[in-house]
Amino acid sequence: AGSRDGMPVPVLLRNNGGIAMAIEDNGLSGTFKPVIVWTSLADNWRSGAVNANSPRRWSALQPPLPPAVYGGAPYLRQMPSGATILAYQQGDTGNLDLARMVVGVGDAQARNFSTLSHPFPHSPGKSQLWNALFVKNRNTITAISQTSINGIGGIWSIDGRLVRQATPVAR
């Protein structure tokens, strides 16, 4: 109640992990934030709407965005390895004006998205909007955005690779 959920992007998670859907939700704190809503395959949404207090709804990002920061138009995909990838447009001014595409890596349950990156260079005065992701192969994901690079506006794409960070060794 009193919140808007929109721009749904569902993914059938591997290994019977359920159905995860990325939405933009202004019901957590402040302006829109990327949120995941989930159902098991056995339930398949039969238990009804996922409301504000549901354990089937959670903030996608760890740590969450500050209340004043806009994080809308999320797009969710899953790599063959099981890692989930989330893209969204982030506006530090609280709206989509001058928003940048951000991509984060989550676990196989579409939780705890972190290790955030910006696939496209920042063009002053230009937004990166209405983003999408495409799983190209085992290790490559293509990021797509409406933006301007070197003064040329259009639909841009770039390939990225999922790289696991090594755990530091204690000395």
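The chain is numbered in sequence order, starting from 1.
Sorted by first and then second residue, the side chain to side chain donor-acceptor pair (under 3.5 Å) pairs involving residues 86-105 (not counting sequence neighbours) are Y70-Q89, Y88-Q90, Q90-D92, T93-N95.
Inter-residue side-chain proximity for L41 and I19 is flagged as met; some heavy-atom pair is nearer than 4.5 Å. P34 has its side chain within reach of L61: a pair of non-hydrogen atoms, C-beta onward, lies under 4.5 Å apart. For the pair V102/H118, a side-chain contact is recorded, criterion being any heavy-atom separation below 4.5 Å from C-beta on. A 4.5 Å side-chain heavy-atom check between I149 and K126 finds every atom pair outside the cut-off.
Placement of Y75 and L162 within a single hydrophobic cluster is found when ILVMFWY residues are connected by side-chain heavy-atom separations under 4.5 Å, directly or transitively. Hydrophobic clustering of Ile, Leu, Val, Met, Phe, Trp and Tyr side chains at less than 4.5 Å, counting indirect connections, keeps I144 apart from V135. Under a hydrophobic-cluster definition in which Ile, Leu, Val, Met, Phe, Trp and Tyr are linked whenever side-chain heavy atoms come within less than 4.5 Å, directly or via other members, M101 and I85 are assigned to the same cluster. The hydrophobic clustering, which links ILVMFWY residues whose side-chain heavy atoms are closer than 4.5 Å, places L116 and L65 together. One hydrophobic cluster, built from ILVMFWY side chains closer than 4.5 Å, holds both L12 and V37.
For the atom pair CD1 of I36 and CE of M21, the computed distance is 10.0 Å after rounding to the nearest 0.5 Å. Between I141 atom CD1 and D159 atom CG the span is 10.0 Å, to the nearest 0.5 Å. Once rounded to the nearest 0.5 Å, the distance linking CD1 of I158 with OG of S145 reads 11.0 Å. Here CE of M79 is found 9.0 Å from CZ of R14. Values are rounded to the nearest 0.5 Å. Note that CG of N139 and CZ of R161 are 4.5 Å apart. Values are rounded to the nearest 0.5 Å.
Scanning all heavy atoms of the two residues, the minimum distance from A20 to A110 falls at CB-CB, 3.8 Å. Residue S117 comes nearest to P119 through the heavy atom pair O-CD, 3.6 Å, listed as atom of the first residue, atom of the second, then distance. Across every non-hydrogen atom of L76 and V11, the tightest pair is O-CG2, 3.3 Å. For S157 against T142, the heavy-atom pair with the smallest separation is CB-CG2, 3.9 Å. Of all heavy-atom pairs spanning A87 and V103, the tightest one is CB-CG2, 4.0 Å. Taking all atoms of both residues into account, the shortest heavy-atom contact from Q78 to L13 is OE1-CA, 3.3 Å.
Looking at W38, its side chain does come within 3.5 Å of a backbone N or O of G17 through a donor-acceptor pair. Here the side chain of T115 pairs no donor or acceptor atom with the backbone of G104 at under 3.5 angstrom. Within the 3.5 Å criterion, the main-chain N or O of P64 finds no donor-acceptor partner in the side chain of S59. Between the side chain of W58 and the main chain of N112, no donor-acceptor pair closer than 3.5 Å is present. Between the side chain of Q128 and the backbone N or O of P121 there is at least one donor-acceptor pair closer than 3.5 Å. Side-chain N or O atoms of E24 include none that pairs as donor or acceptor with a backbone N or O of G72 at under 3.5 Å.
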Inset, instruction - Determine, step by step, whether T39 and R56 satisfy the side chain to side chain contact (heavy atoms under 4.5 Å, CB included) criterion, reporting the C-alpha distance in whole Å, the side-chain angles of both residues, the deciding distance to 0.1 Å, and the verdict. - result: CA-CA 7 Å; T39 187; R56 298 183 298 136; 3.9 Å; yes
Inset, instruction - Let me see the working for S40 and D43 under side chain to side chain donor-acceptor pair (under 3.5 Å), right down to the final yes or no. - result: CA-CA 5 Å; S40 69; D43 181 61; 5.2 Å; no
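No more than 12 heavy atoms of other residues, nucleotides or ligands sit less than 6.0 Å from atom CG of N15.
When the options N51, D25, I23 are evaluated for a side-chain contact (heavy atoms from CB on, under 4.5 Å) with R57, the one that passes is D25.
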